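Notes follow the structure.
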Number of protein chains: 2
Amino acid sequence: MNKVSTREQIITAADELFYEQGFEHTSFSDIANIVEISRGNFYYHFKTKDEILAAVIQHRVIKTQAMLDKWENDGDTPLARIICFVNILITNRSKIKLYGCPVGTLSNELAKLDHQLLNEANELFSLFRDWLKKQFLLLGQASHSDSLAMHVLAFSQGVATLANAFNDENFIKQEVKRMEQWLNDLKTTTKV
Amino acid sequence: MNKVSTREQIITAADELFYEQGFEHTSFSDIANIVEISRGNFYYHFKTKDEILAAVIQHRVIKTQAMLDKWENDGDTPLARIICFVNILITNRSKIKLYGCPVGTLSNELAKLDHQLLNEANELFSLFRDWLKKQFLLLGQASHSDSLAMHVLAFSQGVATLANAFNDENFIKQEVKRMEQWLNDLKTTTKV
DNA sequence: GTCTATAACTGGATAGAC
DNA sequence: GTCTATCCAGTTATAGAC
């Protein structure tokens with residue numbers, strides 16, 4: 001069992017708190033309390049709050065890329081892989097119900113703060129978008145692969161937002177079923 | 001030309017700032033600067049920040065109800081009325097691109113703050129949900145009118161979130177077209 | 001109803017001892 | 001690498017003059 005570095009502990013704690021409480025609402029004390037270090041020590045590892053945010057985003061990018069790579073292997077067909085994506089809504093439903101989607105909510109918070117790291121945060125969306133686009137290309141939807149990728153991404157965002165607002169996990173299941181049906185229909189038609 | 005009361009001016013300014021900057025990020029000074037009153041005077045009108053938030057939500061509820069009533073009159077058929085709803089995305093696209101949906105983003109922010117007025121904010125979602133449900137009932141979709149209402153609501157949320165993240169107004173137009181097509185198809189089939 | 005002054009507190013950030 | 005002590009700016013909120 002390796003010892004986890006303080007820096008890593010800070011990133012993990014901040015990652016979670018930024019999701020659950022929002023970036024701005026999370027203070028250095030909040031993070032320091034979880035990691036059980038003093039606020040002063042904090043500054044040895046990160047000089048500014050933005051530095052922590054940058055590290056958290058970087059951490060999420062790496063985790064996301066690893067997840068996409070895993071789906072790439074797990075799914076036998078492009079359709080199966082897209083359904084892997086759709087199913088994260090089910091897997092993460094209890095947290096989504098409480099806090100929404102980690103990607104969408106951070107992106108929106110930073111947009112309202114007019115924060116300089118907004119573009120970096122939106123990179124997470126691009127990872128999903130490009131990956132989905134690739135799958136739709138393989139599905140033979142060459143002419144509108146990007147449009148379909150955006151549609152599936154928008155679907156996931158809408159479901160997360162409403163599941164959060166109405167505190168409703170069942171709604172997630174219902175909509176995922178609808179989306180799977182739509183994806184299956186897509187295979188057999190060429191409708192835009 | 002009637003003089004607008006200071007109280008009303010505060011509510012209008014707060015309404016806008018909460019949308020553009022978020023609730024927590026907006027300070028009393030921000031609002032006071034716009035209304036051009038001192039921070040001290042502020043407390044004559046509202047004792048706490050939560051009181052302003054409550055007034056802003058109440059204000060939005062009234063505006064929303066008026067808008068729904070207007071659509072009720074403007075649209076000749078239930079389908080036309082639902083399309084009125086979908087088209088707010090087009091009408092408000094420039095602001096949505098910058099700040100997302102005012103309903104969804106406030107709801108999510110308050111959820112993360114674990115704020116006591118979260119339920120009041122979510123009432124805005126319920127207004128739309130119930131109104132849409134009514135239209136789908138009239139469309140003859142008795143058995144899943146609520147599920148369809150939620151689907152259309154989720155659609156609007158997803159589109160707003162992605163339009164904001166990717167700074168893309170065109171995406172809004174594209175998805176609205178897709179939704180209108182889907183609504184038209186719904187009339188002729190009984191597919192869930 | 002509006003103002004100034006100020007209290008009470010919290011947040012991010014620094015300096016320097018250990 | 002970790003700590004305590006401290007600074008400074010910004011925020012909510014109050015008291016009291018005009």
Side-chain angles (χ1 to χ4, degrees), chain A residues 1-59 106 109-110 112-118 120-121, chain B residues 1-57 106 109-110 112-118 120-121:
Chain A
M1 197 92 111
N2 281 325
K3 195 170 157 266
V4 182
S5 74
T6 304
R7 192 192 152 86
E8 284 176 85
Q9 286 184 61
I10 291 174
I11 294 174
T12 307
D15 189 3
E16 219 173 306
L17 287 175
F18 289 172
Y19 177 34
E20 297 176 0
Q21 309 187 339
F23 167 67
E24 197 174 30
H25 190 61
T26 300
S27 70
F28 282 20
S29 310
D30 290 338
I31 305 172
N33 282 342
I34 290 187
V35 184
E36 290 181 314
I37 56 170
S38 71
R39 266 185 306 162
N41 183 5
F42 212 101
Y43 287 88
Y44 173 78
H45 300 282
F46 295 96
K47 268 147 211 61
T48 66
K49 201 179 178 184
D50 288 355
E51 258 185 45
I52 310 174
L53 178 58
V56 165
I57 292 172
Q58 192 50 36
H59 183 235
L106 179 65
E109 183 180 0
L110 297 186
K112 296 208 190 227
L113 299 181
D114 205 11
H115 197 286
Q116 47 169 347
L117 289 175
L118 173 61
E120 278 77 357
Chain B
M1 196 92 112
N2 280 324
K3 194 170 158 264
V4 182
S5 74
T6 304
R7 191 192 152 87
E8 284 175 85
Q9 286 183 60
I10 291 174
I11 294 175
T12 307
D15 189 3
E16 220 173 304
L17 287 175
F18 289 172
Y19 176 36
E20 297 177 359
Q21 310 187 336
F23 167 67
E24 198 175 30
H25 191 63
T26 301
S27 70
F28 281 21
S29 310
D30 291 337
I31 304 172
N33 283 341
I34 290 186
V35 185
E36 291 181 311
I37 57 170
S38 70
R39 269 180 305 159
N41 183 5
F42 211 101
Y43 286 88
Y44 173 79
H45 300 282
F46 294 96
K47 269 149 211 59
T48 65
K49 201 178 176 184
D50 287 356
E51 257 184 48
I52 310 175
L53 178 58
V56 166
I57 292 172
L106 179 65
E109 182 179 2
L110 297 186
K112 297 212 190 226
L113 299 182
D114 205 11
H115 197 285
Q116 48 169 347
L117 290 175
L118 173 61
E120 278 77 357

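Proteins get letters first, then strands, A, B, ... in listed order; numbering begins at 1 in each. Here the structure is a predicted model, which is why all the values come from computation and not from measurement.
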How close or far is atom P of C/dG11 from atom CG of A/Asp50, stated in whole angstroms?
17 Å
Going by the rule ring pair (Phe, Tyr, Trp, His ring centres under 6.0 Å), which residues pair with B/His25 if we only count those two or more places apart in sequence or in a different chain?
none
Let me have the donor-acceptor pairs involving side chains of residues 31-47 of chain A, under 3.5 Å, with sequence neighbours excluded, atom names and distances please.
residue, atom, partner, partner atom, Å
A/Asn33, ND2, A/Ser29, O, 3.3
A/Ser38, OG, A/Asn41, N, 3.2

Which residues satisfy the side chain to side chain donor-acceptor pair (under 3.5 Å) test with B/Glu8, sequence neighbours excluded?
B/Ser5
By side chain to side chain donor-acceptor pair (under 3.5 Å), B/Gln116 pairs with (sequence neighbours left out) B/Asp50
Quick one, which residues of residues 32-48 of chain A touch DNA chain D with a heavy atom under 4.0 Å?
A/Ile37, A/Ser38, A/Gly40, A/Asn41, A/Tyr44, A/His45
Under the salt bridge (Lys or Arg N to Asp or Glu O under 4.0 Å) rule, collect the residues that match up with B/Glu20, sequence neighbours excluded.
B/Lys95
If I take atom CD1 in residue A/Ile31 and atom P in nucleotide C/dA13, what distance separates them, rounded to the nearest angstrom?
11 Å
Once side chain to side chain donor-acceptor pair (under 3.5 Å) is applied, do any residues pair with B/Glu51, and if so which ones, sequence neighbours excluded?
none
What residues 5-30 of chain A contributes to the DNA chain D interface at heavy-atom separation below 4.0 Å is A/Thr6
With sequence neighbours left out, write down each residue that passes ring pair (Phe, Tyr, Trp, His ring centres under 6.0 Å) with A/Phe18, or none if nothing qualifies.
A/Phe23
Verify side-chain contact (heavy atoms from CB on, under 4.5 Å) between A/Thr12 and A/Val4, making sure each step is shown before the conclusion.
CA-CA 10 Å; A/Thr12 307; A/Val4 182; 5.9 Å; no
Please enumerate all protein N or O atoms sitting under 3.5 Å from an N or O of nucleotides 7-9 of chain D, with distances to 0.1 Å.
none

Test of understanding: with side chain to side chain contact (heavy atoms under 4.5 Å, CB included), list the residues that count as partners of A/Asp30, not counting sequence neighbours.
A/Leu17, A/Gln21, A/Thr26, A/Ser27
